[in-house]
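Written out below as structure tokens is the structure these notes cover.
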Amino acid sequence: MALRHFLTLRDLTQFELKQLLVRASELRQMQNKGECYQPFSGKVMGMIFEKSSTRTRISFEAGMSQFGGSAIFLSPRDTQLGRGEPIEDSARVISRMLDIVMIRTFGHDIVEKFAAYSSVPVINGLTDDHHPCQLLADLQTYIEHRGSIEGKTVAWIGDGNNMCNSYMEAAHIMGFKLNIASPQGYTPKEEFLSEFSHCVELVDTPEDAAANADLIVTDVWASMGQEEEQKLREQAFANYQVNEQLMALAHKDCLFMHCLPAHRGEEISATMLDHPNAVVWDEAENRLHAQKALVEFLLNQAKI
Ligand code: CP
Ligand code: NVA
């Protein structure tokens, strides 16, 4: 059995990632045609959420049902995880009963530790450092609207956060250029930046990043777990809003994405989600199809 996990985007080779994105679009078409495809009847996913979620929970739960399987929502509030049962023990027990596990948590070391002790595939549903499932959906959405992303320019405007880190990995694997505009003190961690200097550039202003971009992406100013910094961040990020004026600096066919939830009037203007080049609803829907492709890949690998 080839046990594979998906903790960061780099757990897939370039070939595997590209195949998975093709498959995600196929699964989207099948689902939208109403085709019934249930290869995983009886398979059960455990979903551990230590942070809130709308898209991630619904897409994994719906995806498992559509595949003929099911998903169990596990909140630390109601499990022994919340009362301090060690990750190592929890991982061994949970993975004996389930076929695949998804975890959304704080420290990235927690998903790494869980995976190290798990006997089934583990998927990172967001940590403080990475959000690789969102990148699957973003890449699928770009390709569906514009074709290959190789050689294109992507602008990241805002916090050097988990999404930004996953974009850096995507730039490396998929061969695009990533321009990052973040306020001082909120740039990505040096360890990530230095590793990706061949495809990532820190620029001075959002305008510099947006110039000639093929895709502009942003995210909330304060991520989950940073709620107390909200006011401080509002000041630091005041000039980092993605709006119609910023979009006008990019290529005419530049797309706009946001992983959502969005804060109108903060990281985006009130009308940015309605911009003709905004593809955020497709992006959100593709969480379902891209993650179904991921689950199919990981469960099929486990059979080899
Ligand atoms: N984009 C995203 O992961 O959304 P949720 O927090 O709603 O899962
Ligand atoms: N950076 C955000 C993404 C939410 C999907 C957070 O971590 O809260």
Side-chain angles (χ1 to χ4, degrees), residues 6-9 24 45-64 71 73-76 101-111 123-142 156-170 178 180-183 186-189 192 216-230 232-234 236-237 240-242 256-264 266-268 272-273 278-292 294-295:
F6 183 66
L7 307 187
T8 82
L9 211 55
M45 168 181 276
M47 306 186 299
I48 301 171
F49 280 97
E50 296 202 278
K51 291 174 174 171
S52 305
S53 169
T54 295
R55 281 143 287 267
T56 305
R57 177 178 177 181
I58 295 172
S59 51
F60 274 117
E61 201 163 327
M64 284 307 291
F73 176 76
L74 299 161
S75 150
V101 175
M102 186 244 76
I103 309 178
R104 168 170 286 197
T105 187
F106 292 87
H108 191 72
D109 57 313
I110 296 172
V111 292
I123 295 172
N124 174 4
L126 181 147
T127 60
D128 290 345
D129 284 341
H130 296 276
H131 194 4
C133 289
Q134 184 67 52
L135 260 290
L136 297 181
D138 286 22
L139 292 170
Q140 181 191 346
T141 307
Y142 187 90
W156 176 268
I157 314 289
D159 195 15
N161 63 11
N162 43 12
M163 276 296 299
C164 181
N165 292 338
S166 289
Y167 259 94
M168 288 199 261
E169 293 200 330
L178 182 67
I180 300 177
S182 307
Y186 297 97
T187 53
K189 286 182 193 163
F192 290 116
I216 293 182
V217 197
T218 190
D219 188 9
V220 292
W221 291 342
S223 285
M224 288 181 278
Q226 298 171 335
E227 289 77 7
E228 280 169 17
E229 297 174 33
Q230 176 69 27
L232 191 70
R233 284 172 173 262
E234 278 174 21
F237 286 83
Y240 287 74
Q241 185 184 79
V242 177
F256 170 69
M257 292 191 203
H258 188 310
C259 64
L260 306 177
H263 295 83
R264 291 172 176 83
E266 292 183 24
E267 78 276 4
I268 55 162
M272 196 55 222
L273 298 185
V279 289
V280 292
W281 314 122
D282 286 344
E283 180 189 5
E285 179 189 326
N286 279 339
R287 292 294 302 277
L288 170 67
H289 311 298
Q291 287 159 203
K292 282 173 75 179
L294 175 67
V295 167

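When a ligand or atom number is given, it counts from 1 through the structure's own listing order. Keep in mind the model is a prediction, meaning the values are calculated, not measured.
Formation of a donor-acceptor pair under 3.5 Å by the Glu50 side chain with backbone atoms of Arg104 is not found in this model. Between the side chain of Asn286 and the main chain of His289, no donor-acceptor pair closer than 3.5 Å is present.
Under the 6.0 Å distance and 45° angle rule, Arg57 counts as a cation-pi partner of Phe73.
Relative ring orientation between Trp221 and Phe237 is described as parallel, the plane-to-plane angle staying below 30° on a 0-90° scale split at 30° and 60°.
Residue Arg287 places at least one N or O, backbone or side chain, under 3.5 Å from an N or O of ligand 1. The shortest N/O to N/O separation between Pro261 and ligand 1 does not fall below 3.5 Å.
Nearest non-hydrogen protein atom to atom 4 (O) of ligand 1 is Arg55 NE, 2.8 Å. The shortest contact between atom 7 (O) of ligand 1 and any protein heavy atom is with Thr54 N, 2.7 Å.
Cys164 approaches Leu178 most closely through the heavy-atom pair O-CD2, 4.5 Å.
Applying side chain to side chain contact (heavy atoms under 4.5 Å, CB included) to Glu227 and the options Gln230, Met224, Glu229 leaves one that passes, Met224. Among Asp159, Asn162, Ile157, the single residue meeting the side chain to side chain contact (heavy atoms under 4.5 Å, CB included) criterion with Asp219 is Asn162.
Not a single heavy atom of Leu126 sits less than 4.0 Å from an atom of ligand 1.
Atoms of ligand 1 lying under 4.0 Å from at least one heavy atom of Cys259, given by number and element, are 1 (N). Using a 4.0 Å cut-off to heavy atoms of Leu260, the atoms of ligand 1 that qualify are 1 (N), 2 (C), 4 (O).
Side-chain contact of Gln291 with Ser59: a donor-acceptor pair under 3.5 Å is present, judged by distance alone. For the 3.5 Å distance criterion, the side chains of Ser166 and Gln134 fail to qualify, holding no donor opposite an acceptor.
Looking at Lys51 and Asp128, a side-chain N of the basic residue comes within less than 4.0 Å of a carboxylate O on the acidic one, giving a salt bridge.
In Gln134, the part holding a heavy atom less than 4.0 Å from any atom of ligand 1 is the side chain.
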Within the protein, flag every N or O under 3.5 Å from an N or O of ligand 2, and note the pair and distance.
unit_1	atom_1	unit_2	atom_2	d
ligand 2	1 (N)	Asn161	ND2	3.4
ligand 2	1 (N)	Asn162	OD1	2.9
ligand 2	1 (N)	Asp219	OD2	2.6
ligand 2	1 (N)	Ser223	OG	2.7
ligand 2	7 (O)	Asn162	ND2	2.8
ligand 2	7 (O)	Ser223	OG	3.4
ligand 2	8 (O)	Met224	N	2.8

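Nearest-heavy-atom check against atom 6 (O) of ligand 1 across Lys51, Met224, Arg104 picks out Arg104.
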